[in-house]
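In what follows, a single structure is set out as structure tokens and then discussed.
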4 protein chains.
Amino acid sequence: MLILMKPSPTPEAVALVCRAVRELGLVPHPIPGVTRVAIGVTGNTGPVDETPIRGLPEVVDVIRVTKPYKLTSREMKPDDTVVVVGGVRIGEQRPVVVAGPCSVETREQTVETAKRVKAGGAQLLRGGAFKPRTSPYAFQGLGEKGLEILAEARDITGLPLVTEVIGVEVFEAVEAVTDILQIGARNMQNYPLLRRAGKSRKPVLLKRGQSATLEEFLLAAEYLLSEGNPNVILCERGIRTFSDHSRYTLDINIVPELKSLTHLPVLVDPSHASGKREMVVPLARAAFAAGADGVIVEVHPYPDKALSDGRQSLNLQLFADMMRGLERFVPNVEPEPALVA
Amino acid sequence: MLILMKPSPTPEAVALVCRAVRELGLVPHPIPGVTRVAIGVTGNTGPVDETPIRGLPEVVDVIRVTKPYKLTSREMKPDDTVVVVGGVRIGEQRPVVVAGPCSVETREQTVETAKRVKAGGAQLLRGGAFKPRTSPYAFQGLGEKGLEILAEARDITGLPLVTEVIGVEVFEAVEAVTDILQIGARNMQNYPLLRRAGKSRKPVLLKRGQSATLEEFLLAAEYLLSEGNPNVILCERGIRTFSDHSRYTLDINIVPELKSLTHLPVLVDPSHASGKREMVVPLARAAFAAGADGVIVEVHPYPDKALSDGRQSLNLQLFADMMRGLERFVPNVEPEPALVA
Amino acid sequence: MLILMKPSPTPEAVALVCRAVRELGLVPHPIPGVTRVAIGVTGNTGPVDETPIRGLPEVVDVIRVTKPYKLTSREMKPDDTVVVVGGVRIGEQRPVVVAGPCSVETREQTVETAKRVKAGGAQLLRGGAFKPRTSPYAFQGLGEKGLEILAEARDITGLPLVTEVIGVEVFEAVEAVTDILQIGARNMQNYPLLRRAGKSRKPVLLKRGQSATLEEFLLAAEYLLSEGNPNVILCERGIRTFSDHSRYTLDINIVPELKSLTHLPVLVDPSHASGKREMVVPLARAAFAAGADGVIVEVHPYPDKALSDGRQSLNLQLFADMMRGLERFVPNVEPEPALVA
Amino acid sequence: MLILMKPSPTPEAVALVCRAVRELGLVPHPIPGVTRVAIGVTGNTGPVDETPIRGLPEVVDVIRVTKPYKLTSREMKPDDTVVVVGGVRIGEQRPVVVAGPCSVETREQTVETAKRVKAGGAQLLRGGAFKPRTSPYAFQGLGEKGLEILAEARDITGLPLVTEVIGVEVFEAVEAVTDILQIGARNMQNYPLLRRAGKSRKPVLLKRGQSATLEEFLLAAEYLLSEGNPNVILCERGIRTFSDHSRYTLDINIVPELKSLTHLPVLVDPSHASGKREMVVPLARAAFAAGADGVIVEVHPYPDKALSDGRQSLNLQLFADMMRGLERFVPNVEPEPALVA
């Protein structure tokens with residue numbers, strides 16, 4: 001932390017700041033300069049609320065140099081977190097593919113899709129029973145009935161299930177059924193929900209908010225870890241930018257940055273990040289090439305009839321195209337001859 | 001879909017149209033207006049054959065509303081919605097000022113601030129008891145104790161109270177105390193919360209999400225209106241952009257656009273939109289000049305000691321500066337001589 | 001400047017950094033800390049290239065705490081720059097209105113518009129002879145013929161002229177005719193053009209690039225000032241954001257920030273910042289209320305027939321609406337009774 | 001407008017159509033193709049009556065191209081443009097690597113880097129002699145002396161040279177030396193420069209502006225093509241977003257979208273798109289995986305001593321890491337055993 005003072009501050013103001021720093025259990029280091037005076041602060045190994053210092057007389061700015069997230073940082077835990085669910089290991093060398101329909105619409109559509117994505121090589125099943133929708137008039141998901149169908153698809157295929165929990169009021173219902181709790185982009189800063197999920201023993205897939213900075217994303221994960229849940233998977237799903245040729249912009253840059261800063265696994269959702277079916281295959285490859293621990297994609301046997309997000313769902317042919325040779329795009333994994341296109 | 005009736009239609013004709021709408025599986029919303037009567041139709045997720053309705057008695061026209069928001073649109077309700085709370089009228093000619101601390105910290109700070117903002121001319125009191133915070137380590141508000149303090153400040157000053165409800169699990173507690181329910185930017189797409197607030201009889205102040213488009217903002221309001229709550233106040237609080245000289249960018253353009261597209265009142269929050277105390281006064285003036293129905297600002301007697309957002313809180317002197325002559329910046333309101341600076 | 005070192009740096013690495021700092025004529029202040037070591041740097045009163053320090057061993061980051069722009073800063077020149085042209089004073093208490101057509105199309109359209117905006121109270125005339133257009137197939141302006149027409153309109157009305165120079169190859173032609181040289185948003189970082197304009201004796205109106213930060217904007221102005229031209233007027237014209245209800249987003253926040261950081265006059269262009277005629281009047285009022293030194297607006301007698309930007313041009317009636325009572329929205333200027341609506 | 005002819009049309013029929021187009025005041029561009037022959041039409045700024053053309057011999061169809069870009073679109077030219085320079089083919093199956101220093105600093109640094117990147121497998125050399133810099137106080141490049149050094153490095157290594165031309169006033173000097181003219185992001189909408197480069201016989205590498213939409217990017221390329229230069233290479237170099245963990249955000253989504261919409265080759269610049277050396281290798285892999293025709297990267301033997309952009313330059317070790325196994329990330333190219341890591 002660095003505290004900038006006004007030009008030519010009074011000795012009293014400098015002394016006041018130094019005392020306030022010491023009261024926080026930290027060590028002040030005044031740096032007298034020609035045009036400005038600054039006070040360096042060291043000794044902070046945990047979170048510090050800098051607000052009281054900002055308010056002191058003649059203080060111009062407080063520049064934070066230590067990261068506000070702690071438990072999620074690699075500095076705290078250098079080795080990779082591997083989330084294990086139903087025998088699938090997420091965050092280790094070989095990336096995973098999570099696939100399934102956007103929404104559960106019928107038992108047939110869900111079970112068929114689950115069987116097909118399993119046959120195609122997916123390791124986990126995704127599907128929405130409770131759907132957050134921008135319009136109150138749009139299809140909102142089948143709710144508890146959808147959960148039953150997802151459980152059946154999971155049992156038939158053996159694929160562990162990822163499904164979204166949209167609020168604390170349905171938390172127990174979703175938690176009872178799913179293998180991984182998904183917290184969606186719109187809920188990345190729904191703190192009661194984060195706290196509740198932090199108390200669960202099920203792993204959590206946390207999606208980045210569409211305008212969340214990396215720091216906000218890791219602080220949302222910090223809510224989960226600080227409540228005691230170590231099994232958190234991060235997921236980049238596209239950010240909102242001016243760029244209008246796709247629904248969102250996949251922030252591919254965040255993949256290596258997250259892998260460097262945090263020990264948590266990082267997935268990429270190319271379906272939501274583009275909103276366009278034909279972009280999903282190249283973006284999934286790019287995600288793997290950039291070092292992601294896996295991708296999560298929407299698949300629908302008849303995407304043009306989907307009740308939600310059909311435009312971005314892969315059909316079964318495109319899903320097969322994506323899977324064929326995907327391992328080739330994984331750095332540091334020797335491609336097995338049979339899997340290379 | 002919007003069904004226009006003849007001027008002063010008979011109740012029988014309106015009832016007949018409503019029945020026909022229901023037979024199509026849709027929901028009719030009769031909107032009695034001063035100059036015309038219309039029946040809004042919601043629930044149509046696919047194409048609808050409007051022919052049977054066109055033939056009904058006293059039906060003048062059936063307008064396909066291409067916009068996905070219905071009840072919030074001016075096409076459905078041309079005249080301004082005026083939200084009346086504790087004698088204060090929001091959305092009429094004279095804009096309002098909502099003021100108070102970011103967070104309730106102590107009884108003294110809250111009551112003193114409430115008295116001072118009332119003396120300064122504010123018409124409503126704001127203050128947070130439950131605070132959504134980016135970091136799990138930051139001050140999270142006093143919770144129910146904070147609500148008690150806010151109620152006391154309201155009772156002492158007579159200023160109607162606006163406070164945030166951060167989730168359905170604390171909804172009843174907040175609803176019991178507050179005069180206006182605030183839904184914050186991070187919760188603009190928390191649909192269970194929106195649905196719950198839509199069923200309340202208390203008015204709702206809905207803040208725009210930091211990366212919400214105008215359409216998403218109005219669709220969030222649509223959740224509230226479609227559940228039966230007509231008393232919704234919109235609030236622009238800054239959007240996330242690349243521009244890094246302020247915490248957010250106040251989207252001043254949305255003020256005239258919202259006033260044109262919706263009948264709901266529109267407030268502006270210059271404190272959050274800038275994150276800088278010294279910008280609040282010019283931005284509040286700009287908001288009024290652009291046609292906003294009011295502003296909501298953070299005030300703290302000693303902002304440098306505030307536990308949250310002190311950097312953006314006005315001190316009492318700056319608040320007085322803002323209030324002095326503010327009416328001058330309101331278009332179409334003749335300034336009263338005494339109020340001009 | 002603050003130099004962050006790796007945890008537990010070697011004394012040699014710290015010594016190396018300190019020596020490099022001294023070689024730059026600056027003073028290093030090592031700050032030993034518990035988890036990190038930092039080196040504060042003071043004494044830099046001019047521009048410093050930090051690149052050599054960034055590259056030294058064990059250096060993690062260099063945080064700049066002094067501003068990179070110098071001549072444009074208020075620290076360098078505390079009192080407002082007033083640009084005087086043809087008797088009009090820009091940057092003093094009373095803001096100015098610059099008005100005219102987007103493009104010069106015909107002599108009649110230009111002269112008529114000039115007369116009408118003068119009659120309506122504008123103090124300067126704007127108009128484009130050379131037009132930068134996104135598409136090569138769009139109308140590119142009348143070029144030198146357009147300059148002749150603008151000169152005639154200026155002579156007839158007596159309004160000083162602002163027109164854009166789109167490149168060094170037409171610089172002399174434009175400079176010979178115009179009273180103020182406009183550098184457009186697309187050319188804000190066209191450095192050969194900036195250098196050439198910095199050598200001119202004509203004042204320069206510099207528009208902010210659509211994605212320029214405040215710092216980049218002031219550094220572009222710094223090119224002009226550092227070449228010797230002190231008469232620079234800044235102009236905010238909207239930034240590119242995700243917000244899609246207007247063509248650009250007027251960054252109203254930058255107005256008070258620029259007024260605080262630089263001594264240069266600040267105009268606002270509500271026509272380009274919104275792209276919608278009906279937003280121009282409220283945004284012009286907001287600009288004045290926020291403290292701008294003036295506005296620049298597009299006016300066309302028959303905007304629906306304009307060859308460029310007709311959608312955002314005011315017609316003569318809307319221009320009159322804007323001018324009526326505009327002074328009322330200027331802070332710190334006592335409205336003259338006759339001008340209040 | 002695009003006029004489709006019968007397969008193998010007679011020259012007379014094509015000439016007849018071209019004459020008819022010219023009679024409408026428009027410009028015909030016959031595009032001989034492998035599978036079909038089409039005649040692109042440009043110059044139409046308003047509605048055109050296509051009836052007379054439809055009736056001409058051997059005309060199969062007249063397609064109204066709603067897109068504002070014509071010559072750059074795949075509709076006009078379905079087969080990929082391959083830019084050939086010095087024996088290197090850009091835009092064909094095997095992607096290329098362009099590498100070299102950000103700026104030419106000394107003869108030794110430039111020649112050494114050129115030799116090393118050639119030895120490492122780069123096919124083209126990049127390097128800046130004229131540098132556009134945000135601050136007037138930053139190193140602006142060696143200018144004509146830098147061009148001489150680049151020419152020498154090119155001659156020694158045999159690598160074709162890409163270097164930036166920052167304005168029309170230095171155009172001839174740069175054109176005389178370089179093999180490919182680079183137009184930088186800041187100049188993407190410098191129309192006099194685009195027009196001049198469109199008249200050159202040297203290929204042009206056009207970088208996307210940091211806030212340019214896809215449409216604006218293709219329209220900038222359209223300036224080049226419409227002036228007669230068919231050899232244009234597009235380059236995504238990162239866009240400006242709120243995301244603050246990297247200098248820009250690589251818009252990886254634009255790669256498949258451009259490959260779908262235009263026939264021009266598409267490169268990616270991971271150095272500028274991230275601003276961080278450690279991101280360059282994963283982003284280069286991602287670019288290849290997403291279907292880019294190559295990457296352009298900054299390499300410096302001692303990046304920590306670079307006079308510009310050292311933070312984002314690869315050192316020679318990282319460059320070797322990038323090159324090793326890069327081909328593996330190219331879709332549809334069978335990796336040669338020797339090149340796989």
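Both backbone and side-chain heavy atoms feed into the values below; hydrogens, waters and symmetry mates do not. So you know, we letter chains A, B, ... as the sequences are listed, proteins then strands, and number each from 1.
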Enclosure of D:Glu278 CD (heavy-atom neighbours >12, cutoff 6.0 Å): yes
Side chain / backbone / both / neither for C:Thr213 at chain D, heavy atoms under 4.5 Å: both
Distance in Å, D:Asn190 CG paired with C:Ile166 CD1, rounded so as to fall on 0.5 Å steps: 8.5 Å
OH on D:Tyr191 to OG on C:Ser135, rounded to 0.5 Å: 9.0 Å
Approximate separation, where rounding is to 0.5 Å, of C:Met188 CE and D:Arg186 CZ: 9.0 Å
Heavy atoms of other groups near D:Arg116 CZ, more than 12 under 6.0 Å: no
pair D:Arg240-C:Gln210: side-chain heavy atoms closer than 4.5 Å: no
Heavy-atom pair with the smallest gap, counting every atom of D:Pro192 and C:Glu169: CB-OE2, 2.8 Å
Residue part contacting chain C, namely of D:Leu194, when any heavy atom lies under 4.5 Å: neither
Chain D interface, residue from C:Arg133, C:Arg195, C:Gln140, C:Glu227 that has the most non-hydrogen pairs under 4.5 Å: C:Arg133
D:Glu216 and C:Thr134 side chains, donor-acceptor separation under 3.5 Å: no
Contact class of C:Pro132 relative to chain D, heavy atoms under 4.5 angstrom: both
Donor-acceptor side-chain pairing of C:Tyr137 and D:Glu222 below 3.5 angstrom: yes
Distance in Å, D:Phe139 CZ paired with C:Thr51 OG1, rounded so as to fall on 0.5 Å steps: 10.5 Å
Neighbour count above 12 (heavy atom, 6.0 Å) for C:Lys77 NZ: yes
Distance (rounded to the nearest 0.5 Å) between C:Asn187 CG and D:Asn187 CG: 8.0 Å
Heavy-atom side-chain proximity of D:Val168 to C:Val168 below 4.5 angstrom: yes
